[in-house]
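The residues of the chain are indexed from 1 along the displayed sequence.
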Amino acid sequence: MGEDLLAHGGLADPKDTHRSVSTLGLLIIGFFWTSGGVYGNEALLEAAPAGYVFMSMLLAAIFYALPLAVISAELACALPYDGGMVAWVEEACGMRIGGHNMYWVWISYLFDAAAYPVFAAEYFGERLDLSDTDRDLVGDLFVVVITVIKLCGTEYLVKASGFLFAVSMIPATIYMVYGAKDLNSQKWMDTNTTVSGNGASVEGMDEAMLLSWIVWLYSGFASLGALAGETVNPKRSYPIVIAVLVPLVTLYILFPLMVSLSLDDDRANYAPGQFDTLASELCGDWLGIMFIAGATACFIGLYNAQIIVCERSMAAFLAQPAADFADKYHDYKILGYLLKEKGTGVAPVFIIFNALLAGVLVWLPYDALIEFSVIVACLTTFLYLYAYLWYRVKRPEMNRPFYVPGGIVGAVLISTPIFGLMVVTLYFAAISRDEVLGLQDAKIVGALIVLLIGVVVHGVYFAYQWRNHQRASAYTLVGPSESTRDDNKALLNPMFDNKNSVGSSDSAAPSATYGAV
């Protein structure tokens, strides 16, 4: 069956894919996709007392992050497709549902990406005592600078990933080493739900925020498969990377919190930027300055990693309309620049459009961005789990160099805690009465609006494809024979060929459109 899929142009042959991502490269990229380290995690203590945070994070590492990582490793080793999760979901669910999934991935990653300029602005704001408006403008400046660099060529940020990784890790590591001598387990295992200090107070627990934060911190393990088609020897690389990343990410989430709470156990003081303050108190202002540099490097890497997925998702979905538009208005040089990819990874119009959206979203609170991103991500995770089980049921004979033992039962067991966490997260998000910009239930209503927009967009898109089909059909009516007309029609519109029909269960291949993410 795999040969049929390749013949229909749905997938790039893994043997023909240019593989340039080493095991170390996958580890570094995966670190930014799955966590990025300590920066910004102070806000966890806004959601719940330290004891509940630590217990929840440890349980999530074992029953959510590890199973998600193992599933990603199994599919990436067996099916090293460019696009990873997006490609696997489309193969299992068909093009229509796969298209909706890609749209949800784009939305989720867009809100996720917008959170990092907000965090960067919070760190600078705490250091420079900036107003809320000034912090929002710093967030916009962050987006503008990275967008300009990306428009000059993606290789600059890609080549800098190792440097960004080192700069972000060094101050956090120094902080943990220096602070280890002051660890006090009584402070970071406290479960008191009411803490007051400095004229501020934190009341009770915010289950929706805590669960969203947990899912957000670890959900990147599902994205690791996106580089399967570009990874050198994925059968070897993925198990190694998973074995290193899960404990590394957990360590760099929890240990800095343990040190910080040992130094200052007042929850009311914790917000993005508090690590910088405590680092300065622990070792001097030099470490505080290093924390600012590390946070900036971390947020650049995180923002770039997420926004790349947004750009590629949009470019993949709109590839054909963009090409048609470019051909129609090829005499306009500015359109030629915006719609043609020249060293930027995707056409500049997709980079600029996503940057504009991110620039607007940075004016929202970071907790609202994260919770909304997670609500949409839960939907993509459901489809991801379905795709994983679909491969186990429909392709039991598929070669799996790395896999969860136990057949279908084993696959169901490892998927169950992930599914359960998604359900519980959506439940608490639904019953949460938090306001965003004065609007009650804004996150849930916004998610429903996103789903509705997706239905409308896909209706317009398939209407566009149908119109192209009609034009091609009219073209093929002129010819010497019916067989020639049928051959031309199939050639011009493989999407409507019976062997690869939209929504058909037999059209298992992720198309070139959706598989490019």
Side-chain angles (χ1 to χ4, degrees), residues 28-44 108-128 130 134-150 154 156-173 175 213 216-220 223 249 252-253 256-257 270-277 279 287-311 351 354-355 357-370 373:
I28 292 174
I29 296 172
F31 180 77
F32 282 120
W33 271 355
T34 54
S35 169
V38 54
Y39 309 101
N41 292 342
E42 303 100 319
L44 268 169
S108 177
Y109 273 78
L110 181 63
F111 277 77
D112 189 356
Y116 301 113
V118 177
F119 284 133
E122 291 293 329
Y123 267 77
F124 279 102
E126 288 297 314
R127 168 67 63 163
L128 303 176
L130 300 178
D134 289 339
R135 295 184 190 205
D136 292 334
L137 292 174
V138 168
D140 280 334
L141 179 62
F142 183 96
V143 172
V144 169
V145 171
I146 295 180
T147 302
V148 171
I149 296 174
K150 288 169 67 68
T154 56
Y156 296 107
L157 285 174
V158 172
K159 291 179 180 178
S161 60
F163 173 76
L164 295 174
F165 176 77
V167 172
S168 66
M169 293 286 282
I170 290 173
T173 303
Y175 182 65
W213 207 281
W216 178 66
L217 284 173
Y218 285 131
S219 62
S223 303
V249 167
Y252 273 82
I253 290 174
L257 283 175
Y270 281 83
Q274 178 67 1
F275 285 155
D276 167 30
T277 301
L287 186 56
I289 294 174
M290 286 186 66
F291 247 84
I292 292 292
T296 303
C298 175
F299 295 138
I300 289 174
L302 287 166
Y303 174 80
N304 185 54
Q306 313 308 314
I307 207 70
I308 281 177
V309 177
C310 299
E311 294 161 0
I351 296 176
N354 281 282
L357 292 178
V360 173
L361 292 176
V362 299
W363 289 71
L364 294 175
Y366 59 82
D367 56 337
L369 292 170
I370 291 172
S373 172

- Would you call Asp276 and Leu287 a side-chain contact if the rule is heavy atoms closer than 4.5 Å? no
- Message: Could you check whether Trp213 and Asp367, counting side-chain N and O atoms only, form a donor-acceptor pair closer than 3.5 Å?
- Response: no
- Can you see which heavy atom on Phe275 is nearest to which on Pro256, and at what distance? CE2-O, 4.0 Å
- Check the angle between the aromatic planes of Phe119 and Tyr116 and answer parallel, tilted or perpendicular using the 30° and 60° thresholds. tilted
- Query: Would a 4.5 Å heavy-atom cut-off, applied to side chains only, mark Tyr366 and Pro272 as touching?
  - Reply: yes
- Note on the structure: Interatomic distance, CH2@Trp363 vs CG@Leu369, rounded to 0.5 Å, equals 13.5 Å
- Message: The criterion is side chain to side chain donor-acceptor pair (under 3.5 Å); which residues satisfy it with Ser108, sequence neighbours excluded?
- Response: Ser373
- Message: Taking the side chain as everything from C-beta on, heavy atoms only, tell me whether Asp136 gets closer than 4.5 Å to Val362.
- Response: no
- Task: Calculate, to the nearest 0.5 Å, the distance between atoms CD1 and CD1 belonging to Ile351 and Ile308 respectively.
- Result: 9.0 Å
- Message: Going by side-chain contact (heavy atoms from CB on, under 4.5 Å), Asn354 matches just one of Val143, Leu110, Thr147. Which one?
- Response: Leu110
- Task: Rounded to the nearest 0.5 Å, what's the gap from CG on Leu128 to CG on Asp134? Could you check?
- Result: 10.0 Å
- All side chain to side chain donor-acceptor pair (under 3.5 Å) counterparts of Tyr39, not counting sequence neighbours: none
- Who pairs with Tyr175 by side chain to side chain donor-acceptor pair (under 3.5 Å), at least two apart in sequence or on another chain? Ser260
- Task: Mind listing the closest non-hydrogen atom pair of Gly139 and Pro117 along with its distance?
- Result: O-CB, 3.6 Å
- For residues Tyr123 and Thr296, determine if any side-chain heavy atom of one lies less than 4.5 Å from a side-chain heavy atom of the other. no
- Task: Please lay out, stage by stage, how Ile300 and Phe142 fare under the test side chain to side chain contact (heavy atoms under 4.5 Å, CB included).
- Result: CA-CA 8 Å; Ile300 289 174; Phe142 183 96; 3.8 Å; yes
- Query: Given side chains that start at C-beta, do those of Leu361 and Leu364 come closer than 4.5 Å, heavy atoms only?
  - Reply: yes
- Can you pull the salt bridge (charged side-chain N to carboxylate O under 4.0 Å, His left out) pairs that have at least one residue in residues 116-125, sequence neighbours excluded? Glu122-Arg135
- Task: Dump the intermediate steps for ring pair (Phe, Tyr, Trp, His ring centres under 6.0 Å) on Phe165 and Phe31, then the final yes or no.
- Result: CA-CA 8 Å; Phe165 176 77; Phe31 180 77; 5.2 Å; yes
- Message: Could you check whether any side-chain heavy atom of Leu141 comes within less than 4.5 Å of a side-chain heavy atom of Leu137, counting everything from C-beta outward?
- Response: no
- Message: Nearest 0.5 angstrom please: Leu44 CG to Ile253 CD1, how far?
- Response: 7.5 Å
- Query: Minimum heavy-atom separation for Val38 to Ala172, with atom names?
  - Reply: CG1-CB, 3.6 Å
- Message: Taking the side chain as everything from C-beta on, heavy atoms only, tell me whether Ile307 gets closer than 4.5 Å to Lys150.
- Response: yes
- Query: Is the shortest heavy-atom distance from the side chain of Gln274 to the side chain of Glu126 under 4.5 Å?
  - Reply: no
- Task: Please name all residues satisfying salt bridge (charged side-chain N to carboxylate O under 4.0 Å, His left out) with Glu42, sequence neighbours left out, ordered by chain then number.
- Result: none
- Item | Smallest separation among heavy atoms of Gly294 and Pro171, with atom names | CA-CG, 4.0 Å
- d(Phe124 CZ, Ile292 CD1) to nearest 0.5 Å is 6.0 Å
- Task: Output all residues satisfying side chain to side chain contact (heavy atoms under 4.5 Å, CB included) with Val144, sequence neighbours left out; order by chain, then residue number.
- Result: Val148
- Note on the structure: In this structure, OH of Tyr303 is separated from SG of Cys298 (nearest 0.5 Å) by 15.0 Å
